[in-house]
Structure formats: structure tokens, C-alpha cells
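First up is the structure itself, then whatever we jot down about it.
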Amino acid sequence: MLAEIKGLNEECGIFGVFGHPDAAQLTYYGLHSLQHRGQEGTGIVVSDGKTLKGVKGEGLVAEIFTAEAVAELTGSAAIGHVRYATAGGGGYENVQPLLFHSQSGSLALAHNGNLVNANSLKHQLETQGSIFQTSSDTEVLAHLIRRSGFPHMNDRVKNALSMLKGAYAYLIMTETELMVALDPHGLRPLSLGCLGDAYVVASETCAFDVIGAEYIRDIQPGELLIINENGLTSERFAMSTTKAICMMEYVYFSRPDSNIQGINVHTARKNLGKRLAVEAPIDADVVTGVPDSSISAAIGYAEAAGIPYEMGLIKNKYVGRTFIQPSQSLREQGVKMKLSPVRGVVEGKRVIMVDDSIVRGTTSRRIVKMLKDAGATEVHVVISSPPIKNPCFYGIDTSSKEELIASDKSVEEIRDLIGADSLTFLSAGGMVEALGQDSGYCLGCFTGNYPTEIYPDTLQYYYQRG
Ligand code: SF4
């Protein structure tokens, strides 16, 4: 599904390199392959062993970094970030990596995820005299590190991390070290790889493939990796950990060529589709998927159901952010820019339309209508995840609860609203089973059971926006 029309957005992607002469250039390519995780801002900070310097801006990776800008970022270590702004809002000052200079040295931070106790920590820190440069929750870690009383940097970082609650994959860079930390539930994906003698770290393994790096392993929940000229050491900052990786990474966010916790995302989606065919057998002529993220699940459904998979919908890949969108009246006349039905495939056919999720329902309604206008005699919508009834507090912008169509409507009511002939969601149990591991996932937005405590100020923020 198309993120920008769906109302479901990942907040960030991070990439880091240590020990390579082309660190900034590799980071540029790595960020480019993580662009789907955030399109509103991007930055790279590089270290030459003595100083940290960076370039950042609001826009896409290819827009912000010219060849000249990257060439000026000389050094053998770098961290980079792509951002989709929600918590803390947008604006240049919130584009990461955040860079802090002080008499005791410099620090750069890149964060993927969302802290659930950021507001209370911020309040405490401000009472103690901290002045925040940004409205992003990421900056809290920099202040906690700076205020920690431990003499060694590693201990200061561990001490600071132990105060954070929520989802965080952090890259922390000083002049001489790259530190990599993952929250005690491992809510966001983060992997370690190598390129010759250099180490690389990325939100998704697709970033390794693009630079020819070799995957080593995933970062473990509660782990702090320290990479410096002596090599790599692994320490723990949280002893009690329970793995709960975001299920939506498999269902929707990550690229199909990435592997998360040893499971390939395309294969995971195919298995979700296969399971759906068992849970929702439908008599139809063709199966089609909503591009791009639902194609794998549609292929799986078709394979298991023995019904041909066809390309019933086409996405126009060249509709950029600056494209002049049709006005309401032109839209009503049928000007559709992002998705088009393939009349030759769907005309006179009973169509099973596979999608990964339904957020507000408006997009599903539009696509069902599009298929029927193109001549489909029946449109059966099957969704490769359960209804999203609750907001996400961990870095996925799932809209406020009021905007989630499934928060107060039954499946039959949603079917009626989107105009489908039938509507089926995958069961939560079926989804977990299809992935082949019976635990270790966050299902908070589906079930309402979150892996962490949710703080009252966070709840207030989520229930008031919208
Ligand atoms: S609540 Fe949903 S979107 Fe958020 S981390 Fe959990 S599974 Fe992912």
C-alpha cells in the first residue's frame, strides 16, 4: 500500500559505518535504500577521529546530499538517518543525526523508534536546568548521558539508556567510537554487518546488500555494542529483556528484500497470504495485491488457493511529493494519480483484493470502487493482518484511535463502508503462526496489549491529536 495515502507511516531508518575511508558515501547509499522508512528529512554526521561534522536537511536523500556535500564529509566513521516526523513534530532542528558539542567532546545521535516516557524525563531534566534544542524525544538521551555521573562514556551511556522506556534503536557516535543500542524489547529492527574490516549497522539488511556488506547478526534487545579502533565489544544495559519486535515491520514497513530476525520479509508476507487463504477461502477468478507491500501476500494467497495471481492494480511510481495533486472536483471526475486498475485483468471477473492493513478505510473504499468501475463483478477484500484497533506508541504513526476505522466498527460495518462484497482479516493467532515463531512480537495496535508500560502523558498526546 502507498504510505502517503494510507495514514500509516514508519518514523525512521538509521545507518552507521565504522572503519571505512568512504564512510559518508556508504552511509549515503545505505540511507537511500532505507528511504521508504522516512522521507521528510535526512542527515549524515561523519567523524575523522578528531571532530564530528554533518550535513542535514528536510527532503529526500537524493535531494539533500549533492556529490560535493558528501565528498566534504571526510572520515572513517559515520552515522545517518532518514526521518518521518510525528512525535516532536517536523522542522529542520528535529532532523537527525542530532549533533552536540561541549568542552568534554562531541556526540551525534540517530534514533529510530519512540520513547514513551520522554515527556516525564524532559520535565525532570528541564527542572534540573537542561535546555532542549529540539522538540524531538531523541535529545533526551544526550542530556541523560551528559548528566550521568559515571567517569567512562560506556557507563554513562548504559546508565542513560536504562532510564528510557519505549522503542529505541540508537546510533551514538563520538570522535572515536560508534555505539549501537537496542531497547529491551527490540521493538525496531537493527542489524550488524561487515564490509572488509569495517562494521556497518542498519535498520534493515537491504542496506547491506546495496553496499556489498555481509550480514553478521541482529542486535539483541538490551544490548550495547561498542565499536572503536580495538574492534567490537558487546555489553548489556538491561538484564531483563523480552523480545517484542514490531509485527508491522513484517506486514507492511520493511522492504521485501530485508531479513528481520532471520525471516525474509517477502517470505513472511507470502506466508501471511497463504494462511489467509486457509482462513478465508473464497470462490473467485483472480487474486490481486495492492502495490507495493501487499503483492507478496497476494502471491501467497493465490498459490495456496490455486487461483491465478494477476496484476489488477498498477502504481504510478513517478507521483512525487511536489506533484500538483488534482483538486477535489477533478478527483471526483476520476483523476487518479497513484493507483490504476488494469481493466483487461479485472473486467467481468470476481476479484480477491489482498491488502496488508486497513487504517482509515478511505483508501480501501477508493480501490474497491476503482476495481468495480473497471468491470470487476465482485470484489472480495482480504487483509493479511488483524484489524488495527489501537494506536502505536513506538514510532509508527497510526493516526489517533478515533481515526482508526476498526477501533469502533465491526468487520461487517467496515465491509459496508468500503463497498466490498466480503471482507476478511487474518486472525492474530494465524498471523503469529504464519511467521513460524510463536512469540517475540509486538501486537499492540491489534490487541491493545503493549510490551511496555504506557505513561499517562504519552496517552494524553495520542488521544488528543488527530
Ligand atoms: S503497536 Fe503495532 S505498529 Fe506499534 S510497534 Fe507494536 S505492532 Fe508495531
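Order of listing sets the numbers, starting from 1, for every ligand and every atom in it. Keep in mind it's a predicted model, so treat the numbers as computed, not measured.
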For E279 and S427, does a side-chain donor sit closer than 3.5 Å to a side-chain acceptor? yes
Using a distance-only test with no angle check, is there a side-chain donor-acceptor pair under 3.5 angstrom linking S384 and D356? no
Which atoms of ligand 1 have any heavy atom of [X] under 4.0 Å away?
X: C246; value: 3 (S), 5 (S), 7 (S), 8 (Fe)
X: M247; value: 7 (S)
X: I396; value: 3 (S)

Under 2.8 Å from atom 6 (Fe) of ligand 1 - does any N, O or S atom of C442 fall there? yes
Point-to-point distance, once rounded to the nearest 0.5 Å, from NE2 of H81 to CZ of R37: 10.0 Å
Among residues two or more places apart or on two chains, list those pairs meeting salt bridge (Lys or Arg N to Asp or Glu O under 4.0 Å) that have a residue in residues 209-221. R217-E223
Distance check below 2.8 Å: does C445 bring an N, O or S atom to atom 4 (Fe) of ligand 1? no
Any residue meeting salt bridge (charged side-chain N to carboxylate O under 4.0 Å, His left out) with E453, in chain and number order, not counting sequence neighbours: none
